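All of these numbers come straight from a predicted model, not from anything done at the bench. We count residues from 1, following the sequence as given.
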Amino acid sequence: MDAKGPKELHFYEPRNGHGLRHDPFNAVVAPRPIGWISSRGAKGNINLAPYSFFNGFCYKPPIIGFSSTSWKDSVQNIQETGEFVWNLATMDLATQMNATAAHVGRDVNEFEIAKLTPMPCKLVPRVGESPVSFECKLTQILQLQGADGNKAEAWLTLGEVVGVHLDKAMIRDGVYQTALARPIVRAGRRGDYFEIRPDAMFEMVRPD
């Protein structure tokens with residue numbers, strides 16, 4: 001409660017609808033890093049797609065993961081081959097990243113649609129233009145479920161980072177500078193994003 005009195009709250013239960021023009025969930029849980037995932041299927045088909053439900057989950061071993069709101073090509077490919085690559089989406093690559101979100105056939109190569117350079121890794125190509133890429137080995141694919149135990153049409157794919165490609169231009173005095181790459185992060189609605197810039201950074205030292 002502030003000095004002006006209690007806040008006026010909009011309360012809703014998601015199962016009954018939100019009562020607003022746009023579902024606020026994606027806008028409140030924001031900004032979210034983008035899981036720009038490249039994968040290869042058992043038959044050699046290559047896929048590149050962005051996922052807004054993405055993050056890091058463990059230091060040792062380093063584990064990242066993304067959630068797909070249906071069983072999409074990326075999940076199928078990763079299940080078949082056990083490997084994928086995460087590529088950092090930046091302001092310079094925003095248009096190309098958005099182009100790879102198109103719904104196309106499984107045999108269509110999004111690298112070609114977005115005019116991006118597939119650079120070889122062990123199995124799955126990375127985005128050559130991206131300043132950072134993580135080569136990952138699949139650890140788990142989990143179908144999500146609600147509090148009632150009912151399965152959701154969403155799958156969380158987790159992978160251990162086994163190889164890291166870093167543009168040396170983003171490293172200063174031995175420290176990777178997050179904002180130098182100008183990453184873009186997902187916000188709400190259908191197409192809202194933010195850009196991370198050096199002038200927006202501040203530091204708070206943990207009390208321990």
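Residues N77 and S39 have side chains that bring a donor and an acceptor to within less than 3.5 angstrom of each other.
Residues M91 and I196 fall into different hydrophobic clusters, defined by Ile, Leu, Val, Met, Phe, Trp and Tyr side chains chained together at heavy-atom separations under 4.5 Å. In terms of hydrophobic clustering, with Ile, Leu, Val, Met, Phe, Trp and Tyr side chains grouped at heavy-atom distances under 4.5 Å, F134 and V75 are assigned to a common cluster. W155 is connected to F54 through a chain of hydrophobic side-chain contacts under 4.5 Å among Ile, Leu, Val, Met, Phe, Trp and Tyr, so both are in one cluster.
Summarising the geometry of S67 relative to L144, their closest heavy-atom pair is OG-CD1, 3.7 Å, with the distance given to 0.1 Å. Minimum heavy-atom separation, V108 to E110: O-OE1, 3.3 Å. Closest of all the heavy-atom pairs between L93 and L116 is CD2-CD2, 4.3 Å. Of all heavy-atom pairs between A42 and T81, the closest is N-CG2, 3.8 Å. For the pair A99 and I113, the tightest heavy-atom approach, listed with the atom from each and the gap, is O-CG2, 4.1 Å.
R182 has a carboxylate O that lies under 4.0 Å from a charged side-chain N of E195, or vice versa, which qualifies the two as a salt bridge.
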task: Start with the C-alpha distance between N16 and Y12, add both sets of side-chain angles, then the distance that settles side chain to side chain contact (heavy atoms under 4.5 Å, CB included), and finish with yes or no.
output: CA-CA 7 Å; N16 298 324; Y12 69 94; over 6 Å; no

- request: Go through the steps for V29 and F53 under the test side chain to side chain contact (heavy atoms under 4.5 Å, CB included), then give the verdict.
  value: CA-CA 10 Å; V29 186; F53 289 137; 5.9 Å; no

field: Chi angles and distances behind the side chain to side chain contact (heavy atoms under 4.5 Å, CB included) call for V124, I78
entry: CA-CA 10 Å; V124 177; I78 295 166; over 6 Å; no

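Taking NZ from K122 and CD from E135, the interatomic distance works out to 9.0 Å, rounded to the nearest 0.5 Å. To the nearest 0.5 Å, the span separating CD on Q79 from CD1 on I141 amounts to 5.0 Å. In this structure, CD on Q76 lies 9.0 Å from CG on N45, to the nearest 0.5 angstrom. Taking CE of M119 as the reference point, atom CD of E129 lies at 9.0 Å (rounded to 0.5 Å). Atoms NZ and OG1, on K72 and T157 in that order, are 11.5 Å from each other to the nearest 0.5 Å. With rounding to the nearest 0.5 Å, the separation of SG in C136 from CD1 in I64 is 3.5 Å.
For residues 36-57, no residue pair satisfies the salt bridge (Lys or Arg N to Asp or Glu O under 4.0 Å) rule, not counting sequence neighbours.
Counted within 6.0 Å of CG on D199, heavy atoms from surrounding residues, nucleotides or ligands total more than 12; the atom is thus considered enclosed. Enclosure of atom NZ in K151 by more than 12 non-hydrogen atoms of other residues, nucleotides or ligands within 6.0 angstrom is indicated. For H103, the NE2 atom counts as loosely surrounded, since its 6.0 Å shell holds 12 or fewer non-hydrogen atoms of other residues, nucleotides or ligands. The neighbour count for F57 CZ, taken as heavy atoms of other residues, nucleotides or ligands under 6.0 Å away, is above 12. Counting heavy atoms of neighbouring residues, nucleotides and ligands inside a 6.0 Å radius, atom CZ of F194 does not exceed 12 of them.
Applying the side chain to side chain donor-acceptor pair (under 3.5 Å) criterion to W86, with sequence neighbours excluded, gives no partner residue. Listed by chain and residue number, I34, W36, M97, T100, A101 satisfy the side-chain contact (heavy atoms from CB on, under 4.5 Å) test with P50 (two or more places apart in sequence, or in another chain). The side-chain contact (heavy atoms from CB on, under 4.5 Å) search around E112 returns N109, not counting sequence neighbours. Take Y176 and apply the side-chain contact (heavy atoms from CB on, under 4.5 Å) test, not counting sequence neighbours, and it matches L88, V132, L166, M170, T178, A181. Remark: P198 pairs with A179 by the side-chain contact (heavy atoms from CB on, under 4.5 Å) rule, at least two apart or across chains.
A donor-acceptor pair under 3.5 Å is formed between the side chain of Q177 and the backbone N or O of V175. Side-chain atoms of R32 come within 3.5 Å of backbone N or O of N26 as a donor-acceptor pair. A donor-acceptor pair is defined here as one N or O able to donate and one able to accept, closer than 3.5 Å; such a pair exists between the side chain of N87 and the backbone of V127. The main-chain N or O of P125 is found under 3.5 Å from a side-chain atom of S38 such that the two form a donor-acceptor pair.
In this structure the side chain of P33 reaches within 4.5 angstrom of the side chain of N55, judged on heavy atoms.
Taking the six-membered ring where the residue is Trp, F84 and F66 present perpendicular rings, their angle passing 60° and hence far from 30°.
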